[in-house]
Novice: 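Have a look at the structure that comes next, please.
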Amino acid sequence: MKLSQLAIGQQGIIKEFTDLEMSVKLMEMGCLPGELVKVERVAPFGDPIAVSVSGYQLSLRKKEASTIELI
Amino acid sequence: MKNKLRVALVGNPNTGKSTIFNALTGLNQKIGNFPGVTVDKKTGISKLPDGQFIEIVDLPGTYSLYPKSADETIVFEVLSNQNNPSYPDLVLIVADATNLKRNLLLYTQIADLGLPVIIALNMMDLAAKGNMEIDIDALAKRLNIPVIPLAARKIQGIEELKKAIQYHTKIPLQLPTIDVEVIAPELIKDISSYLAIENPYVALQIAHQHDHLKYLSKAQNEHIKALEIKYDFHSQKAQASETIARYNYINDILLDTVKYTSVALEENISNKIDHYLTHKFWGLIIFVGVLFAIFQSIFAWSEYPMLLIETVFVWLAEMGHQYLPEGALTNLLIDGVLAGLSGVMVFIPQIALLFAFISMLEDTGYMSRVTFMMDRLMRKVGLSGKSVVPLIGGLACAVPAIMSARTIESWKDRIITIMVTPLVSCSARLPIYTLLISLVVPKKMLLGFINLQGLAMMSLYLLSIITAVLVAWVMKLIIKSDLKSYFIMELPVYRMPRWNNVGITMYESVKTFVTEAGKVIVAVSIILWVLASYGPSNKFELIEKKYQTQEIIKGYSPEEINRLRASEKLENSYAGVLGKSIEPGIKPLGFDWKIGIALITSFAAREVFVGTMATLYSVDGDDTKMESVREKMAKATNPNTGEIVFTTATAFSLMIFYAFAMQCMSTMAVVYRETKNIKWPLIQFFYMLALAYAASFVVYQILK
């Protein structure tokens with residue numbers, strides 16, 4: 001299951017990343033393996049999405065969210 | 001004299017770093033809630049309790065020492081090079097208590113650079129509200145450095161922070177965070193000995209960042225590259241394992257020092273607000289509504305102050321003509337300098353209001369939501385959601401707006417944003433629009449509540465934004481790049497705007513406008529007055545003689561003679577000659593030679609247009625009665641045909657020309673500085689000129 005496949009309100013735990021370059025940037029922003037992520041909302045035009053992670057809200061594009069594998 | 005102690009201020013965006021900087025230094029500058037608003041290096045002086053003065057350097061906000069955008073590169077550049085003029089004696093790390101985990105990542109990186117550090121733990125009030133218990137003493141003990149709790153927005157803890165700075169040690173006390181050397185043992189060793197660096201983490205960072213570090217020579221850079229190949233160093237893999245190791249260390253520390261009892265309250269409130277503000281339908285409606293309200297307010301609220309300023313200047317000019325001795329100097333002072341000054345001053349209310357609104361949008365966190373909502377749309381046309389900030393900033397002034405495009409990570413997105421930002425109607429066009437709209441658009445209410453003039457103004461702004469977007473789309477197809485664009489951005493919780501901050505922004509923007517633009521405008525006004533008052537060879541004498549001949553004196557009334565003589569003089573002045581020489585080129589756009597003069601003089605800065613008009617028409621009119629520029633322009637007629645000069649067609653054609661043409665030296669200079677290639681400002685200048693000419697032509701021919 002990928003983060004981009006979650007609907008609003010659903011949550012999951014980060015397992016791993018499928019893109020090394022993206023993983024470095026995401027981890028710096030607190031998206032780490034073992035961390036709980038919850039999809040809070042989707043932008044009016046369907047992309048990007050906003051998720052809660054590490055106690056704050058992060059927005060990222062669906063394409064970027066698709067590099068995050070959930071447990 | 002001993003050099004001042006230098007303290008560098010470092011921290012994630014949205015941690016209140018700028019607020020702390022202001023509280024420490026009392027220096028007036030702009031603070032925003034939007035990630036990356038602090039782009040330039042800012043310094044200030046602070047006085048410590050013992051009377052000592054220290055220098056504080058505000059470094060750009062960043063989430064990590066690994067830079068993601070152009071302005072973040074400066075942080076490691078400064079902190080790793082002892083020869084850098086900003087190299088600090090002490091680093092003050094501002095961390096958001098409600099977001100401690102992510103904020104501590106930057107702390108661990110900076111701690112490992114081996115500089116003395118202090119943590120300012122900001123937003124303690126919000127952390128307490130969110131039922132988050134932080135054991136400050138335990139945290140300080142674990143890290144072995146001073147940790148000062150603050151609530152900077154409420155100015156709590158600033159004195160304690162100053163004391164901590166005063167009592168800081170010259171030797172770094174922090175305990176090591178992670179074992180850096182494990183990441184690339186041989187490479188770190190070789191770089192350390194090659195560059196004579198003691199600190200292993202500085203060596204590792206150099207391995208990652210050597211390509212853009214300015215203090216490394218080309219040979220050094222090549223040598224490090226060779227070393228990396230030799231040891232098979234993979235930057236991203238090394239960075240990933242470092243980040244994971246750092247978070248393991250942070251989790252370990254947080255386990256003993258922080259207790260969460262429930263979800264943060266502020267976050268919940270923000271979520272509820274966002275439910276509406278970023279709603280699929282309502283979010284967009286609210287966004288358009290916000291823009292609409294801003295422009296309506298700018299028009300409505302600035303009307304009376306503008307009228308007041310105009311009246312004062314008309315009165316001053318009347319007084320001047322009445323009490324000063326007649327002569328060239330008086331004319332220069334009143335028709336040149338005073339007319340130019342009034343052209344500048346009258347727009348202060350509008351500029352102040354526009355900047356106040358933009359600063360409020362940034363400060364509350366709404367600007368980030370606009371970025372979030374618009375990203376998809378922006379990406380379709382080759383921009384990024386982050387381009388929204390430069391584009392909206394461009395409503396105020398393209399110069400800072402283009403600088404703010406530094407936060408856009410992708411090169412292509414950034415170039416396109418820079419290329420189209422000057423198309424967005426900036427505040428310098430506001431005077432021109434205001435003047436011309438008030439000439440040709442009736443002051444009526446539509447459906448009882450929509451101000452017709454405000455509507456015309458908003459249409460011009462919308463047109464400028466739509467054009468910017470279309471041009472971006474064309475450029476997306478032309479400019480090639482294989483670099484990935486991405487969009488990973490924090491959505492800060494909503495906050496109330498800081499009113500004194502809004503006030504500071506208004507004050508600073510007006511000050512900049514009056515001093516920077518004002519200087520140019522007054523200088524140009526004087527030059528213009530000279531150009532309009534004197535002419536080549538002996539033409540002026542001939543005109544004087546012509547109007548003294550008997551047949552003319554008999555044929556016309558004295559007033560008519562004055563008017564005809566003045567207009568013939570202007571026509572034969574240097575300015576008239578210049579304007580006439582370009583008249584054939586601008587005639588299809590509906591412009592006469594007088595407008596031609598204004599086009600030439602406002603090449604350096606658009607706002608000169610109104611000053612030029614003021615000068616041209618006070619020279620032109622009969623001197624018996626002082627009128628404002630607006631009234632004079634409304635009455636202006638073509639001396640040959642007797643037709644009104646500013647017809648609806650001409651006025652709109654002129655507004656469109658000013659909307660699209662690149663008439664701003666400062667913008668061209670900043671584009672060159674930001675892109676480091678003369679090609680971009682030149683392309684920009686010519687495409688905008690061509691666009692302006694074509695659009696004006698079409699508008700004039702249709703409305704004619």
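Both backbone and side-chain heavy atoms feed into the values below; hydrogens, waters and symmetry mates do not. Proteins get letters first, then strands, A, B, ... in listed order; numbering begins at 1 in each.
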Novice: Can you tell me how far apart CG (B:Leu100) and OG (A:Ser54) are? Round to the nearest 0.5 Å.
Specialist: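 Result: 11.0 Å between the selected atoms.
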Novice: Nearest 0.5 Å, please: how far is CG in A:Leu60 from CE in B:Met489?
Specialist: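 Going from CE on B:Met489 over to CG on A:Leu60, the span is 10.5 Å.
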Novice: Shortest non-hydrogen contact from B:Gln239 to A:Val24?
Specialist: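 Looks like NE2-CG1, 2.8 Å.
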Novice: Looking only at heavy atoms, which two atoms of B:Lys101 and A:Glu35 are closest? And how far apart?
Specialist: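 Heavy atoms of B:Lys101 and A:Glu35 come nearest at NZ-OE1, 2.6 Å.
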Novice: Mind listing the closest non-hydrogen atom pair of A:Gly30 and B:Arg102 along with its distance?
Specialist: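 Minimum heavy-atom separation between A:Gly30 and B:Arg102: N-CG, 4.2 Å.
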Novice: Taking the side chain as every heavy atom from C-beta outward, state whether A:Leu58 and B:Leu491 have any pair of such atoms under 4.5 Å apart.
Specialist: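 SC-SC contact between A:Leu58 and B:Leu491 ruled out.
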Novice: Can you name the closest pair of heavy atoms from B:Met373 and A:Pro44 and give their distance?
Specialist: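 In this case the closest contact between B:Met373 and A:Pro44 is CG-CD, 3.5 Å.
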Novice: Any side-chain heavy atom of A:Val42 sitting closer than 4.5 Å to one from B:Lys280?
Specialist: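 No - every pair of side-chain heavy atoms lies 4.5 Å or more apart.
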Novice: Between A:Glu64 and B:Phe487 (side chain of the first, backbone of the second, donor and acceptor by atom type, cut-off under 3.5 Å), is there such a pair?
Specialist: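 Yes; judged by distance alone, with no hydrogens or angles, the pair exists.
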Novice: Hey, could you give me the CG/CG distance between A:Leu32 and B:Asn248, rounded to the nearest 0.5 Å?
Specialist: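 These two atoms lie 8.5 Å from each other.
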Novice: Below 4.5 Å from any heavy atom of chain A, which atoms of B:Leu105 appear? Answer side chain, backbone, both or neither.
Specialist: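 For B:Leu105, the contact with chain A is made by the side chain alone.
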Novice: Count the heavy-atom pairs under 4.5 Å between each of A:Ile49, A:Val53, A:Leu20 and chain B, then report the option with the highest count.
Specialist: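 Ranked by heavy-atom pairs under 4.5 Å with chain B, first place is A:Leu20.
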Novice: I'd like to know if the side chain of B:Tyr247 and the backbone of A:Glu28 have a donor-acceptor N/O pair within less than 3.5 Å.
Specialist: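 Here the side-chain-to-backbone pair exists.
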Novice: In Å and rounded to the nearest 0.5 Å, what is the CZ to OG distance from B:Arg369 to A:Ser59?
Specialist: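 Spacing of CZ (B:Arg369) from OG (A:Ser59) equals 9.0 Å.
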Novice: Below 4.5 Å from any heavy atom of chain A, which atoms of B:Asp96 appear? Answer side chain, backbone, both or neither.
Specialist: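 Nothing of B:Asp96, per the 4.5 Å heavy-atom cut-off to chain A.
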Novice: So which part of B:Arg246 gets closer than 4.5 Å to some heavy atom of chain A, the side chain, the backbone, both or neither?
Specialist: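 Interface part for B:Arg246: neither.
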Novice: Between A:Lys25 and B:Lys68, is any pair of side-chain heavy atoms under 4.5 Å apart?
Specialist: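 The answer is yes, as the side chains (C-beta and beyond) meet within the 4.5 Å cut-off.
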Novice: Going through the checks in order, is the side-chain contact (heavy atoms from CB on, under 4.5 Å) test met by B:Asp274 and A:Glu40?
Specialist: CA-CA 10 Å; B:Asp274 266 339; A:Glu40 293 287 352; over 6 Å; no
Novice: Using modelled atom types only, decide if a donor and an acceptor are shared between the side chain of B:Arg376 and the backbone of A:Phe45 within a distance under 3.5 Å.
Specialist: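 Flag set: sc B:Arg376 to bb A:Phe45 pair under 3.5 Å.
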Novice: With side chains defined as the heavy atoms from C-beta onward, is the minimum distance between A:Arg41 and B:Asn271 less than 4.5 Å?
Specialist: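 Touching, per the 4.5 Å side-chain cut-off.
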Novice: So which part of B:Ser384 gets closer than 4.5 Å to some heavy atom of chain A, the side chain, the backbone, both or neither?
Specialist: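 For B:Ser384, the contact with chain A is made by backbone and side chain together.
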